[in-house]
Number of protein chains: 2
Amino acid sequence: MAENSTGGTQTLTERQRQIAAAARALLDAEGPEGLTMRRVADALGIKAPSLYKHVPDKTALELLVVAGGFVEVAEALEAATADAAEPLPALAKAYRDYAVAHPHLYRLMNYQPLRRDLLPPGLEERAAMPLLAATGHDGDKARALWAFAHGMVSLEIDGRFPPDADLPAAWKAGLATFV
Amino acid sequence: MAENSTGGTQTLTERQRQIAAAARALLDAEGPEGLTMRRVADALGIKAPSLYKHVPDKTALELLVVAGGFVEVAEALEAATADAAEPLPALAKAYRDYAVAHPHLYRLMNYQPLRRDLLPPGLEERAAMPLLAATGHDGDKARALWAFAHGMVSLEIDGRFPPDADLPAAWKAGLATFV
DNA sequence: GTCTATAGTGGGATAGAC
DNA sequence: GTCTATCCCACTATAGAC
């Protein structure tokens, strides 16, 4: 394990961290169209071919960004659960806030198969832990809750709810069932 | 209303129906990468530029395909509700079955804003009706149910559930809360 | 309603010199 | 570790002849 270059499982060089950060910034600012090898290179003041000395290909670069997103999501959900008067609504709010704040990253993380084999070990589990805890460690219930939350935020960020839909009310109606 | 050409609200020529059908077949078979003006034209034995005599641009063509999908979804959900011993599980099964059978079409329909202004009037409402009825015409509850179902099927077709996840159990756990 | 020709744009990635 | 040069690919869409 602990491969690098980076075909997987982390420990990054300084340059790799810079590349990932530039890619993340471009994705946040412009969406997936903005995330190209040329644009990332431009942001670092180098030429696109030079990137290939640090990263094997574009999907590896995207995975770096995805991994960063998982860390942030885990931190956000852990923080929301920490004070915990009512864990479920707090968790839901944190999940939604993160997705709405970073819609492009959210899609990159969740709209395609996850390369678990190349992700830092335990990272996905860490991000899922607060959900699991909130359902009394019932895996099926946790997945149902995740699906509900994912459905709500993806329909929101993809602009699929009708303009007049009362989203907070829909969240409440859905969450009520999980208490 | 009743524009054509087609910048909107239906009544198609024979050629337009052929074009939409070819596009749909390509999308089902190869996904969005396969759905290009060249490939659609090829399938009809003509050249890509000729398509522009029948359809203003590619997004208009995609909307034709989306509209066809809504008709099919509406029919599937209506059929599932018809016999109705237990409407909710039947509805969920029909929704899931359709999405899993046509994942590329499902994404085209649901992963981007819906051009309601260009869709045949009443079509979206018709497709939503069975959901609404199943929640006793509670709009917020219906949207929550939709979000749950959408979350489940999109996580499934996008390959985001862990390999060991028990999907039927998650559906059951989620649906239980809506009864 | 079809065609040819073509404009215009963009992308990922490699070879090989320095 | 960076560069230049380059190859490959693909796409949407328009102009104008027939």
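Residue numbers begin at 1 in each chain, while the letters A, B, ... track the order of the sequences. Just so it is clear, the model here is predicted, and its values are computed rather than measured.
- To the nearest angstrom, P of C/dC3 lies 13 Å from CE of B/M37.
- Straight-line distance from the CZ atom of B/R39 to the P atom of D/dA10: 11 Å, rounded to whole Å.
- Of all the residues in residues 59-68 of chain B, not one reaches under 4.0 Å from DNA chain C with any non-hydrogen atom.
- Between the side chain of A/Q16 and the backbone N or O of A/H54 there is at least one donor-acceptor pair closer than 3.5 Å.
- For A/F161, the ring pair (Phe, Tyr, Trp, His ring centres under 6.0 Å) partners at least two apart in sequence or on another chain are B/W146.
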Atom pairs and distances, donor-acceptor, side-chain atoms in residues 32-48 of chain B, under 3.5 Å, two or more places apart:
unit_1	atom_1	unit_2	atom_2	d
B/T36	OG1	B/R39	N	3.1
B/R39	NH1	B/E30	OE1	2.9
B/R39	NH2	B/E30	OE2	2.7

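- Applying the salt bridge (Lys or Arg N to Asp or Glu O under 4.0 Å) criterion to A/E75, with sequence neighbours excluded, gives no partner residue.
- Listed by chain and number, the residues in a side chain to side chain donor-acceptor pair (under 3.5 Å) with A/E125 amount to none (sequence neighbours excluded).
- A straight line from NE2 of A/H54 to P of C/dA13 spans 15 Å, rounded to a whole angstrom.
- In terms of position along DNA chain C, the nucleotide closest to A/T36 lies nearer the 5' end than the nucleotide closest to the other residue of the pair A/T36 and A/P56.
- Rounded to whole Å, atom C1' of C/dG11 lies 8 Å from atom NZ of A/K58.
- Residues passing the side-chain contact (heavy atoms from CB on, under 4.5 Å) test with B/R115, sequence neighbours excluded: B/L63, B/D117, B/L118.
- Side-chain nitrogen and oxygen atoms of B/R38 include none within less than 4.0 Å of the OP1 or OP2 phosphate oxygen of D/dT12.
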For residues 162-179 of chain B, dump all side-chain donor-acceptor pairs below 3.5 Å to protein atoms at least two apart in sequence or in another chain.
unit_1	atom_1	unit_2	atom_2	d
B/D166	OD1	B/A169	N	3.2
B/T177	OG1	A/T177	OG1	2.9
B/T177	OG1	B/G174	O	2.6

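- Residues passing the ring pair (Phe, Tyr, Trp, His ring centres under 6.0 Å) test with B/Y106 are B/Y95, B/H150, sequence neighbours excluded.
- The separation between A/Q18 atom CD and D/dG1 atom P is 11 Å, rounded to whole Å.
- Contacts between residues 40-52 of chain A and DNA chain D, defined by a heavy-atom separation below 4.0 Å, involve A/G45, A/I46, A/K47, A/P49, A/S50, listed by number.
- Regarding B/K53, its NZ atom lies at a distance of 15 Å from the P atom of D/dC18, rounded to whole Å.
- With salt bridges taken as basic N to acidic carboxylate O contacts below 4.0 Å, one links B/R160 and A/E124.
- Under 3.5 Å, the side chain of A/R15 and the base of D/dG1 form no donor-acceptor pair of N or O atoms.
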